[in-house]
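In what follows, chains carry the letters A, B, and so on, assigned in the order in which the sequence lines appear, proteins first and then strands, with residues in each chain numbered from 1.
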Amino acid sequence: MSVNPDLAGRTFPPVAPYLVGREKIREFARATASTSPLSLDPEAARKAGYADVVAPPTFAIVVQESTLQQLLAEPDAGIDFSRVVHGDQRFTYTRPIVAGDELTATLTVAGVKSLGGHSMVTAESVMVDGAGAHVVTAVSTLVVRGDE
Amino acid sequence: MSAALEVGAVVAEKTLTLTRDSLVRYAGASGDFNPIHYRDDVATSVGLPGVLAHGMLTMGVAVQPVVDWLASESGPGVGGWVADYQVRFTRPVVVDPETGAELTISAKLGQVDEAAKTARVDLTVTFDGQTVLGKAQVRVAWA
């Protein structure tokens, strides 16, 4: 089975809104060796002008994950998860994520490329807050290794 | 604004060790429970040299020295934050069950726009003498 080239350009339905919790941010911060008071201490975050603790820069992957599951579960995608390797990752923020945000993510397959027997699928997840304003776009390139 | 921002200046450096505990903790925090990140038998069965750190864990810890720099006295100014962050995963980080994996992170100013109050910080992340992230760039902004 190989990756379906027709995936390119496909947009998936938005996933259920993700409510960003303070303790989840703290847990993620500790797991990524963050010692930033902005991510751990609501008082420090408020003093710096944020409504609550600020998520570390890679936190959006937690929300993006559910959109990638949509892609992997797509019946005609042809993506064998056991052959998937993370190729690259990017986060582009309009503002930082803070506790209390309710993020809704929508996945679009930005491109499918073949290279030397492997396929590269670029998945772009756009996340907006409860007011519909853009917060972050997370872009992952998944490399699906071909048969060896 | 504190010190002058000079392209080429190293703004942060850090060495840290990822252990199997770190991987389990990250699996829980991120929701990525792929067993290649905590089970030797599974890692071996799919042809890997051992249990690997999540690429996203390496990406996550690599940016923290920049986050700390942004909030420090030597940082670019108040309200500093990471507006854009990208990496390419070029080499796996094999985490030894006993000794873990030592990562060395160096963050260097690649580009500065004082008027727009933005800068690009380039990260070099090495494990076992080789870089493990390619094109690791952090775009920072301040007030």
Enquirer: What part of Val61(B) gets within 4.5 angstrom of chain A, counting heavy atoms only: side chain, backbone, both, or neither?
Expert: both
Enquirer: Among the options Pro37(A), Ser39(A), Pro96(A), pick out the one with the most heavy-atom pairs lying under 4.5 Å from chain B.
Expert: Pro96(A)
Enquirer: For Val67(B), is it the side chain, the backbone, both or neither that has a heavy atom under 4.5 Å from a heavy atom of chain A?
Expert: side chain
Enquirer: Kindly give the heavy-atom pair with the smallest separation between Leu52(B) and His37(B), and that separation in Å.
Expert: O-ND1, 2.7 Å
Enquirer: Within residues 96-112 of chain B, which residues come under 4.5 Å of chain A, heavy atom to heavy atom?
Expert: none
Enquirer: Would you kindly say whether Thr108(A) and Thr11(A) are connected by a side-chain donor-acceptor distance under 3.5 Å?
Expert: yes
Enquirer: Using a cut-off of 6.0 Å, state whether more than 12 heavy atoms not belonging to Arg88(B) lie near its atom CZ.
Expert: no
Enquirer: Would you find a donor on one side and an acceptor on the other, under 3.5 Å apart, between the side chain of Asp113(B) and the backbone of Lys117(B)?
Expert: no
Enquirer: With sequence neighbours left out, what residues match Phe28(A) under ring-ring contact (aromatic ring centres under 6.0 Å, His included)?
Expert: Phe59(A), Tyr26(B)
Enquirer: Who wins among Ser30(B), Gly79(B), Gly55(B) for the most heavy-atom pairs under 4.5 Å with chain A?
Expert: Ser30(B)
Enquirer: Identify the heavy atoms of Leu23(B) and His54(B) that sit nearest to each other, and give their distance.
Expert: O-CE1, 3.4 Å
Enquirer: Below 4.5 Å from any heavy atom of chain A, which atoms of Gln86(B) appear? Answer side chain, backbone, both or neither.
Expert: both
Enquirer: What's the shortest heavy-atom distance between Leu40(A) and Ser34(A), and which atoms?
Expert: CD1-O, 4.1 Å
Enquirer: Determine whether the side chains of Ser140(A) and Gln89(A) contain a donor N or O and an acceptor N or O closer than 3.5 Å.
Expert: yes
Enquirer: Name the option with the most non-hydrogen atom pairs under 4.5 Å to chain B; the candidates are Thr94(A), Leu38(A), Thr141(A).
Expert: Thr94(A)
